[in-house]
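These notes concern the structure reproduced below.
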Amino acid sequence: MSCSLLEFCRLQELKTVRDYLFHNQTPEPLEEKSQTDNELSWDTSDWESAWDSGNNKEEEEGTTAGQSEPWLQDCVVSLSPCADLLVVAHEHKAVFLSAKWRTDESGREEMTLAVSWTGTLNTEEGECVSSSICIPLASQKRSSTGRPDWTCVVVGFTSGYVRFYTENGVLLLAQLLHEDSVLRLKCRTYEIPRHPGVTEQHEELSILYPAALVTIDGFSLFQSLRACRNQVARAAAAGSDMIQPPPLAYKKWGLQDMDTIVDHSSVGIMTLCVFDQMKNASILGGFNASVKGSPPAMNQYVTVGGGPYTGFYYAIEGSSQPLLSHVALAVASKLTSALFSAASGWLGWSKNKNEEEAVQKQKPKVEPATPLGIRFGLPDSRRHGESISLSPCNTLAGVTDDFGRVTLLDLARGIAVRMWKGYRDAQLGWLQVSEEQGDREFSPSASLPRRHALFLIIYAPRRGILEVWAMQQGPRVGAFTVGKHCRLLYAGYRLMGVNSVTSQGWQLHTQQVCLLDPTNGALRTVNIPFHLALSDKKSERAKDMHLLKRLTTILRSREVEPDFLEREGKNVLLDIKHPAIKKQALESLLSHKNVPVSCLTNITHTVFDTLKQQDPEEVDTALLQLCSSQLKMLQLYSDIQQLHSAAEIEQDSLEGIEDELSSVGPTLKRYAELTSRPSVSFAQDSPDSPLPAQAFLSQMECTEGGELKVVRGSDTDWNHLGNFLFWDCLCGKCPLHKVCDRLQQAGISPQQLLSLLLSMWLQREKEVLQKPNETVRNLHALLIALSNMKGAVEVSWDPQSISPWWQQVRTTCIQSHNVAAALLAALVAYRAAKASITSRADSKLQSEWEAVSLELEQWVVCVRQLEDVLVLQTLLLVPPSQGAAGGTAAQCSIKTLLEGGTGGIADNVSKWVFRHNLSPERLKEIVQKKEGKNMDDKVEQQAGEGRKEEREKSQEDTERTAELLVAVCQRFPHSLSPDLLFAHCCWEYVVQWNKDPEVHGRYLCWAVEHLKLVSSPHIQLGISTMMWSTFVVKRFSAATFLIEKVNLVHTDVGMGDKAMTSFLGCCVQLLQILMEADSAVEEVSAPELSVEEVWSGADGPASIAELALEQRGVHYPLVQHHCLLASLLHAAMTFSLKMKPLSLFDSKGKNAFFRDLTTIQLMPSGDMDPGLVSLRQEFLLQVLTNWVQALDDPSSSDSGTGSSPLPSSGPKAGWWPSLCLELGSLLQVNPDILRRHLVCELYNQGLDLRAEEVMLEVEDKDVLGSQLLVLTGQRLCYSLLHSQSQTQAAMELLARLPPTLCTWLKAMDPSELRCPLVPLSQTSRLVGRLIEILPENHAQYVLALHLLEAVEALTTED
């Protein structure tokens, strides 16, 4: 790690800046000046020729570009320490550049400085800018984190004025504190003291004049600038009156005893030690001088110039009272809009001549300076100082002079401690670097406070070089070739307005030193690592870091020969001296994926042997342990790899396992078919990919006892390691006993090996099922080998207790979702455990009896559970047919089923039924095992009109699936009893319906159908109640209120008209089931729910059936009341009737709606209001009329026969009349009126046979006879008078009719008939019925007889 130059910002529009500042000057003089400068620089001295010879070509190329002319050297340049504002001024003009973020061509965000303001700054005649400084002012807000609130630009002029501007060029205030040219402006801001003994420095702005120094108190300046800025903002907004800001507190010193002063540094307050105090007293006052008790605090000022070359001044605190200036505000009392125009600028630039003269006459009063004598200096009559730069710690300063020297001053002692030659026109800066966390680990002073290193930055423009020197007597730690026309910008301060309280927790982002290159506009900062300050070029640690970096570079390169890598790795590791860095290098080598194992082993061996040869006391134990452990791991890795390629194969005989495999063979085969579907995976995640040595090492660690231990990482890494160790053993490709012996020798615990083996076995289920016999045999051998290892099965284990070793196998099988592999592992482990227990029992008892063991009981249960889960999982994996709901198959394990509670199994199967779109009738058939002809017919119908082979295959698949479902139900006779299965299916369908009632309306119908199939009224009642309260009632009430309000169904209900009709029909059926179940509950005892013995350990949520049995009973009249409303709404929606449903009920009836069905409500009773009854009657009559109209067209072949079957649902359903009569009895409507209306409507429609069936139930035959007489007349009228095919015979018959009948017929209106064209035979039959119905004393009996004669006459004519 070495020094580096980092570009952090770039200037935009540099050409614009130059053109603006120099637009009145022709380029020729600049070129001449540039040439002269270059000539001078060549002729100065001989030593520079060596430096310049290498860069000569570059210089010539650089000077050809327009921007490379040294125009920037003639400008006053200042940069804010936050690097967000740059000021470039020349003579009376200035350009302000502000920070902006922009996206470059590659899409990366980068910071740039773009021109934000240009203008002229002079107000006095002939004054020019002589110095400038940018001071960022801290924000006073509590939420601030250290960013500046705004930046103030302070500019000094040759007239003596100091003016303060905002970033936008707005003049805030102007001060004339001394009538002479301002030479230099400098600032000091608050720094947190690094040590308790360091004096806390005050903030201040210092202004140097040729013979005077003015220091303005930082706090006073901060308050004044804030007040002025606020006043400007207020004035700009409202033109309000000026408020006088607080006056500036400043001190003014007349610097004496020095011929010329060109630069200065205000070091701050210092306190002398007692010795220095006595020394000074004796020098100044002689031998008898008295010494005060405590040394006084003094402000130290250091100046450079001539006669003496450097002067030290000390101003004792309190010796001079601070002066108060009246702030010359740059804001007039009343602002006019003219002041805001961009052209006129700020304040006074657009005043008239008289005002200007008045201002010149009223020049502010200039206070006299307090004389301050020089304490001492560094006299050198020929040397003239040019600049001084103060270090951040205020103890050192760098001084440049006209002899091309850079001198380092110790300010506390007042002496020069170092000098550099050959740096003409040098520019200086300082960089303070704090110790990093990583550096502290290696330092002997890790427990002490954080250390800081100081570096001096020297830019030599004549040579175009930037150098970094460690302080005080350190070496040059960095050098960079840069341009010859750059500017080194060093502020030496940070934010103003900060104190020890407000700076807590702040992260101050400031650049200490920057290099501005005018050729490309780049702003670069120097990055120096802390360790470069620790020692000189021969530093072991720096060399070690360099070697580590070199090794890292080699490892990063793409293609490296293994021999070269091994040779370089050895050299680097042997050359590194520091143990911590050597360890870091070895670890980076061991963790790199491209290094071969042989290479790693050889390098680690070399390092280990070297450490062994050293003195044991000097060797780092951690490094030695690392080498030793890594060698062990690498050796193990190599041995396992060699065993994998061994030719000898061991065969292990396993009798009896084939019988157990054959019993589950068909299910395993079907499971393998269903799981072998292709899937997408990444190549690097494939279990067949080889395990690199680095991955092996990363998962191993060495214990203190020298044994290896596997570190559990991600499941993928764990499975990869298991594959590496055991997969070849399972496939029979390597000697498994040798592998186990080698792993035992390495000290890896058998429990970890068992976990690796089982994880890998379960993960590679597909491959295991391809060759089950072979893999199972090898797994048995591996299990026996592992259980025989030391520490596997406890020596003291009693077979009557649970063994932790076998329990680990059981736990893994119980938790696994790969059920087939888990079952095979359980069968193998069961046999192994049984053999182990038997051998132990034999050794103890020598008996022929089989040992009974709790361990074996656990295995019997586990195997039985896994067999059950395998059959269930196979069913769940069966893919749904096309067009079904789809979705991913559920993954089962013993653990998930036990955690799913008593209803977990039924819940999984119900989800499978939903995915397969299995209809309730089909499910009932399968469950009841009625596999007859009907089912085959249905399968053929579902298969469609495809090819015969496809139909047969589809039928075969369906039958296999049905057999599988039956097998699952047989394995779970209690958990999948028909009632439980139908209950869960009902709940699953209603849950799915609730997700989107508009699209999935059919699901609610199927949920109700499943509910009907539940045989227990107790379960039916509970599920109906839960369905109603959870899913249905909310939508039902919303639908009712919407139909009541606007007679429309809106999105609030989430359904359209069609879905709403279906929903209301389901509501009616649900409430009817509820009423029937409530009636039947008392006759039947509640069912007892149980689970299979092996699944009795289920611990989870209660099943739907259990919840159903816990429900409270319902209030039957309230259910009936809701059923009535649902039926009315269903009828209204089916026949598109306009109605307000709630208007058919009184206030008691309305209040009872949508209440909890288990509560007792006040219900309507007694006789209803006649008006309400007539409304109800009108609605029911309308329903009957619409039903008759919805029936088939009477002109069809089946019309009037009455024998055509009607559909079971929809507007043509045959149960509508009986429903209306039932509703009529509940709504207190006379049912005879409804029957008579229905008879008339049926005759009107021409459905005579249906009408005759209903007519038998009519009680008031007289009224019906009168109604039908009119209808008959209308039919006859149409036949005789209105028919288009009128015959002569018909006309003659009409003439022969009695006059009364003829008149009566002519008065009839046949247009009221919906079906006037009825066969005469039907009309004749109707008249016959009329004669039977009407009593002889009836007023219209005679008319009926006349009609009979007329019809008969017509019939004979035909």
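Computation of the quantities below employed the complete heavy-atom set of this structure, encompassing side-chain atoms and omitting hydrogens, waters and symmetry-equivalent molecules. Everything quoted here is computed from the prediction, not taken from an experiment.
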Just wondering, do [Y] and [X] contact through their side chains at under 4.5 Å, heavy atoms?
X: Asp410; Y: Thr395; result: no
X: Asn394; Y: Leu411; result: no
X: Thr400; Y: Tyr423; result: no
X: Ile458; Y: Leu466; result: no
X: Pro461; Y: His485; result: no
X: Asp401; Y: Tyr309; result: yes
X: Tyr250; Y: Glu367; result: yes
X: Tyr313; Y: Met258; result: yes

Inset, instruction - With Ile135 as reference, evaluate Leu85, Leu495, Val154 under the side-chain contact (heavy atoms from CB on, under 4.5 Å) test and give the passing residue. - result: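 Option passing the side-chain contact (heavy atoms from CB on, under 4.5 Å) with Ile135: Val154.
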Can you give the donor-acceptor pairs under 3.5 Å from side chains of residues 203-210 to other protein atoms, not counting sequence neighbours?
unit_1 : atom_1 : unit_2 : atom_2 : d
Glu203 : OE1    : Gly497 : N      : 3.1
Glu203 : OE2    : Tyr190 : N      : 3.4
Glu203 : OE2    : Gly497 : N      : 3.1
Glu204 : OE2    : Arg188 : NH1    : 3.3
Glu204 : OE2    : Ser266 : OG     : 2.3
Ser206 : OG     : Lys186 : O      : 3.3
Ser206 : OG     : His264 : NE2    : 2.9
Tyr209 : OH     : Gly160 : O      : 3.4

Inset, instruction - Applying side chain to side chain contact (heavy atoms under 4.5 Å, CB included), name anything that partners Ser159, two or more places apart in sequence or on another chain. - result: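 Partners of Ser159 by the side chain to side chain contact (heavy atoms under 4.5 Å, CB included) criterion, ordered by chain and then number, come out as Glu124, Glu127, Phe157, Tyr161.
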Considering all heavy atoms of both residues, which atom of [X] and which atom of [Y] are nearest to each other, and what is their separation?
X: Thr151; Y: Cys134; result: CG2-CB, 4.1 Å
X: Val513; Y: Gly429; result: CG2-CA, 4.3 Å
X: Cys187; Y: Ile133; result: CB-CD1, 3.6 Å
X: Phe530; Y: His452; result: CE1-C, 3.9 Å
X: Val88; Y: Cys75; result: CG1-CB, 3.9 Å
X: Ser265; Y: Leu390; result: OG-CB, 3.7 Å

Legend entry - Trace of the side-chain contact (heavy atoms from CB on, under 4.5 Å) decision for Tyr490 with Gln427: CA-CA 9 Å; Tyr490 171 66; Gln427 298 169 29; over 6 Å; no
Say whether, by atom type as modelled, one donor and one acceptor occur between the side chain of [X] and the main chain of [Y] under 3.5 angstrom.
X: Ser132; Y: Val77; answer: no
X: Tyr301; Y: Gly311; answer: no
X: Glu191; Y: Glu200; answer: no
X: Ser130; Y: Val182; answer: yes
X: Lys252; Y: Leu177; answer: yes
X: Thr189; Y: Tyr493; answer: no
X: Arg383; Y: Arg405; answer: no
X: Arg462; Y: Asp425; answer: no
X: Arg424; Y: Asp402; answer: yes
X: Ser4; Y: Leu6; answer: no

Spacing of [atom1] belonging to [X] relative to [atom2] belonging to [Y], to within rounding of 0.5 Å:
X: Arg226; Y: Leu137; atom1: CZ; atom2: CG; result: 9.0 Å
X: Leu221; Y: Leu248; atom1: CG; atom2: CG; result: 6.0 Å
X: Tyr459; Y: Leu515; atom1: OH; atom2: CG; result: 6.5 Å
X: Thr303; Y: Asp263; atom1: OG1; atom2: CG; result: 9.5 Å
X: Ser391; Y: Leu408; atom1: OG; atom2: CG; result: 8.5 Å
X: Phe164; Y: Ile216; atom1: CZ; atom2: CD1; result: 4.5 Å

Legend entry - Worked verdict on Leu488 versus Val482 for side-chain contact (heavy atoms from CB on, under 4.5 Å): CA-CA 11 Å; Leu488 188 70; Val482 293; over 6 Å; no
Inset, instruction - Decide side-chain contact (heavy atoms from CB on, under 4.5 Å) for Val468 and Leu431; before the verdict, give the C-alpha distance in whole Å, the side-chain angles of both, and the deciding distance to 0.1 Å. - result: CA-CA 9 Å; Val468 182; Leu431 200 63; over 6 Å; no
Inset, instruction - For the pair Lys251 and Glu317, find out whether any cationic side-chain nitrogen is under 4.0 Å from an anionic carboxylate oxygen. - result: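 Salt bridge between Lys251 and Glu317, a charged N being under 4.0 Å from a carboxylate O: yes.
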Inset, instruction - Answer yes if the side chains of Trp469 and Glu467 hold a donor-acceptor pair under 3.5 Å, and no otherwise. - result: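 There is such a pair (donor and acceptor under 3.5 Å, judged by atom type) between the side chains of Trp469 and Glu467.
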Inset, instruction - Assess whether atom CZ of Phe312 is packed by more than 12 heavy atoms of other residues, nucleotides or ligands within 6.0 Å. - result: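 More than 12 within 6.0 Å, yes.
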Inset, instruction - Can you establish whether the number of heavy atoms outside His384 located under 6.0 Å from its atom NE2 is more than 12? - result: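 More than 12 within 6.0 Å, yes.
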Inset, instruction - Quick one: do Arg375 and Asn280 satisfy side-chain contact (heavy atoms from CB on, under 4.5 Å)? Show the steps, please. - result: CA-CA 10 Å; Arg375 175 72 59 87; Asn280 291 343; 3.6 Å; yes
